[in-house]
Amino acid sequence: MTSTNDDVVALARRLLACPSVTPATGEVFAALEAMLVPRGFTVDRFTVGEAPDGPVENLLAWRTTGAGPHFAFAGHLDVVPPGAGWTSDPFAPEIRGDLLYGRGAVDMKGSIAAFVAALDALPDDLPGTISLIITGDEEGPAVYGTLALMDRMQARDLRPDLCLVGEPTSSARLGDVVKIGRRGSVNMWIRVAGSQGHVAYPHLADNPIPKLVRILTAIEAEVLDEGTDWFQPSNIEITDLEVGNVAHNVIPGAATARISIRFNDQHSGAALIERIKGLAATEGGIVEAKISGESFLTAPGAFSDLVRDAIRDVTGVETELSTTGGTSDARFLSRICPVVEFGLNNATMHKLDEAVAVQDLHDLTRIYALVVARALG
């Protein structure tokens, strides 16, 4: 395949130099497209969605070199806002010492650059299809991002056999943690209506606060599970409690609370919603809910072994398989094929002075090249 003289650091700097606070659009996608076209990829950039969760720009790219498996790499070009207090301009990438600084260095423009650079190390006659599934909206609502890309892939009859997501999974050093699953996430809003009145005449009012407190006490007493072989126990957290009553002598007319549940593969979001609705109904509570994602697990096996072996061959690190942490777009992609997540060290993601070790970029490039070559070869 046609390659360029750019090494992974140069590619990363080109992406980091493009401001792309979520939702990313325009310049950063143009930069990635310019990297992929000379490497033989067909690139499909498209924008979908309406406000408030859109519009969102996405990029789907693929190349096929004969009959063989389809290996996909997924990631995102959007980044969280940099915030004030950086030592240098967050969108003017700068190498200081052994580190490359810039917003998105590890989450996750560095991983995307490493995958692009890895393409240059692959044999020209490696059979099969390689695709990149890149969204501009992973850090935001994620409504018109990877889900829209999956629809686009289906329309083009592109279905991966394996997918590697380049999220920054490493903890203490590159390669020490690979994600093979994630817990699901659901948020619920509980509202209890009452009847406003004077505190001196409680018989003429209906205080919703004690009812809400009893609901939350019942929810706090729930034990969802004890965990599984690969997942920690599911947990329910009360994340907000609001009455909005500024008067000391008024019984309020309503009280609300918000809870968040992170759940393992013993549950579904829908079943948990019904469970909480049942508890809330005993006190007249009404529940609204939003499922951010279901749990998934790619059982340890050939794919995770392939990634662990490549990490060991390049770095000598023995990898831990994990399902910890928050959600990622792997929760969507797991619907269509086995998914493993592996990328850079996550110590500085979303922080001031986000930075990646230059050596890690080179090592990740070599690891990705081995993974793809072995998956297709």
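What you see is a predicted model; the values in this text were computed from it and never measured.
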Derivation of the side chain to side chain contact (heavy atoms under 4.5 Å, CB included) call for S170 and V177: CA-CA 5 Å; S170 300; V177 177; 5.7 Å; no
Report the C-alpha separation of R374 and D313 in whole Å, then their side-chain angles, then the decisive distance to 0.1 Å, and conclude whether the side chain to side chain contact (heavy atoms under 4.5 Å, CB included) test is met. CA-CA 13 Å; R374 291 170 180 176; D313 289 347; 2.8 Å; yes
Given side chain to side chain contact (heavy atoms under 4.5 Å, CB included), test I130 with F41 step by step and report yes or no. CA-CA 9 Å; I130 300 173; F41 282 81; 4.1 Å; yes
Check the pair I133, L333 against side chain to side chain contact (heavy atoms under 4.5 Å, CB included), reporting the backbone distance first and the verdict last. CA-CA 10 Å; I133 306 165; L333 294 161; 4.1 Å; yes
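A pairwise comparison of heavy atoms in A289 and V186 identifies CB-CG2, 4.4 Å as the closest pair. Nearest approach of V165 to A330, heavy atoms of both residues: CG2-CB, 4.1 Å. Residues F296 and V339 come closest through the heavy atom pair CE1-O, 4.3 Å. Annotation for L11 and M35: closest pair O-CE, 3.5 Å, computed over non-hydrogen atoms. For T169 against G343, the heavy-atom pair with the smallest separation is OG1-N, 3.2 Å. Shown here for T327 and R183, the closest heavy-atom pair between the two residues is CG2-O, 3.8 Å.
With 3.5 Å as the limit, one finds no donor-acceptor pair spanning the side chains of T298 and K179. A donor-acceptor contact closer than 3.5 angstrom links the side chains of R262 and S185. Looking only at atom types and distance, the side chain of E57 has a donor-acceptor partner in the side chain of T25 under 3.5 Å away. Inspection of the S328 and E341 side chains reveals an N or O donor paired with an N or O acceptor under 3.5 Å. T135 and N58 form a side-chain donor-acceptor contact under 3.5 Å, judged by distance and modelled atom types alone. No hydrogens or angles considered: nothing links the side chains of D329 and H76 as a donor-acceptor pair under 3.5 Å. Between the side chains of R258 and T239, at least one donor N or O sits under 3.5 Å from an acceptor N or O. S234 and D225 form a side-chain donor-acceptor contact under 3.5 Å, judged by distance and modelled atom types alone. Side-chain contact, T22 with D78: a donor N or O sits under 3.5 Å from an acceptor N or O. A donor and an acceptor atom, one from each side chain of T87 and D353, are located under 3.5 Å apart. Donor-acceptor pairing under 3.5 Å is recorded for the side chains of S260 and N187. Between the side chains of R96 and S88, at least one donor-acceptor pair of N or O atoms lies under 3.5 Å.
The ring pair (Phe, Tyr, Trp, His ring centres under 6.0 Å) pairs that include a residue from residues 236-272 number zero, where partners must be two or more places apart or lie in different chains.
A donor-acceptor pair is defined here as one N or O able to donate and one able to accept, closer than 3.5 Å; such a pair exists between the side chain of T65 and the backbone of L126. Without hydrogens or angle criteria, R159 side chain to I336 main chain gives a donor-acceptor distance under 3.5 Å. Checked by atom type and distance alone, the side chain of K109 pairs as donor or acceptor with a backbone atom of C18 at under 3.5 Å. Panel note: side chain E320, backbone D176; no donor-acceptor pair is recorded below 3.5 Å. A donor-acceptor pair under 3.5 Å is absent between the side-chain atoms of D53 and the main chain of V143, judged by distance alone. Using a distance-only test at 3.5 Å, with no hydrogens or angles considered, a donor-acceptor pair links the side chain of E354 to the main chain of A105. In this structure, the side chain of S304 does not engage the main chain of P300 through any donor-acceptor pair within 3.5 Å.
Atom CD1 in I112 sits 6.0 Å away from atom CZ in F73 (nearest 0.5 Å). Between the CG atom of D305 and the CZ atom of R312 there is a distance of 8.5 Å, given to the nearest 0.5 Å. The CG atom of L174 sits 12.5 Å away from atom NE2 of H362, with the distance rounded to the nearest 0.5 Å. Here R45 contributes atom CZ and L32 contributes atom CG; the two are 9.0 Å apart, rounded to the nearest 0.5 Å. Here NZ of K351 is found 9.0 Å from CE of M349. Values are rounded to the nearest 0.5 Å. Once rounded to the nearest 0.5 Å, the distance linking CG of L241 with OG1 of T256 reads 7.5 Å.
The hydrophobic cluster containing I276 does not contain I286, counting ILVMFWY residues as joined when their side-chain heavy atoms lie under 4.5 angstrom apart, directly or transitively. Cluster membership check: V243 does not share its hydrophobic cluster with V192, using side-chain heavy-atom separations under 4.5 Å among Ile, Leu, Val, Met, Phe, Trp and Tyr. Cluster membership check: F115 shares its hydrophobic cluster with L306, using side-chain heavy-atom separations under 4.5 Å among Ile, Leu, Val, Met, Phe, Trp and Tyr. If you chain together hydrophobic residues whose side chains sit under 4.5 Å apart, L147 and L59 never meet in one group. Hydrophobic clustering (side-chain heavy atoms under 4.5 Å, transitive across Ile, Leu, Val, Met, Phe, Trp, Tyr) groups L344 together with V116.
Contact check for L36 versus L119: side-chain heavy atoms found under the 4.5 Å cut-off. No side-chain heavy atom of P233 sits less than 4.5 Å from a side-chain heavy atom of L224. L297 is listed as a side-chain neighbour of F231, based on a closest heavy-atom distance under 4.5 Å. Within the 4.5 Å cutoff, no side-chain heavy atoms of V79 are placed close to those of M108. Counting heavy atoms from C-beta outward, C337 and D161 have side chains that stay 4.5 Å or more apart. Using a 4.5 Å cut-off on side-chain heavy atoms (C-beta onward), D265 and E294 make no contact. Between F71 and T129, the closest side-chain pair of non-hydrogen atoms is not below 4.5 Å. Residues P208 and P252 have side chains in contact (heavy-atom distance under 4.5 Å, counting atoms from C-beta outward).
S131 pairs by the side-chain hydrogen bond (donor to acceptor under 3.5 Å, both in side chains) definition with H70, not counting sequence neighbours. Residues forming a side-chain hydrogen bond (donor to acceptor under 3.5 Å, both in side chains) with T348 (at least two apart in sequence, or on another chain): none.
In summary, of the residues considered (F303, W230, F342), a side-chain contact (heavy atoms from CB on, under 4.5 Å) with I180 occurs for W230 alone.
E318 and R308 are not joined by a salt bridge, as no carboxylate oxygen comes within less than 4.0 angstrom of a charged side-chain nitrogen. Residues D363 and R366 are paired through a salt bridge, judged by an N-O separation under 4.0 Å between the basic side chain and the carboxylate. A salt bridge links D44 to R156: at least one charged side-chain nitrogen sits closer than 4.0 Å to a carboxylate oxygen.
In L204, the CG atom is crowded: over 12 heavy atoms of neighbouring residues, nucleotides or ligands sit closer than 6.0 Å. Counting non-hydrogen atoms of neighbouring residues, nucleotides and ligands closer than 6.0 angstrom, the CG atom of D98 reaches no more than 12 such neighbours. No more than 12 heavy atoms of other residues, nucleotides or ligands shown are found within 6.0 angstrom of CD on Q154.
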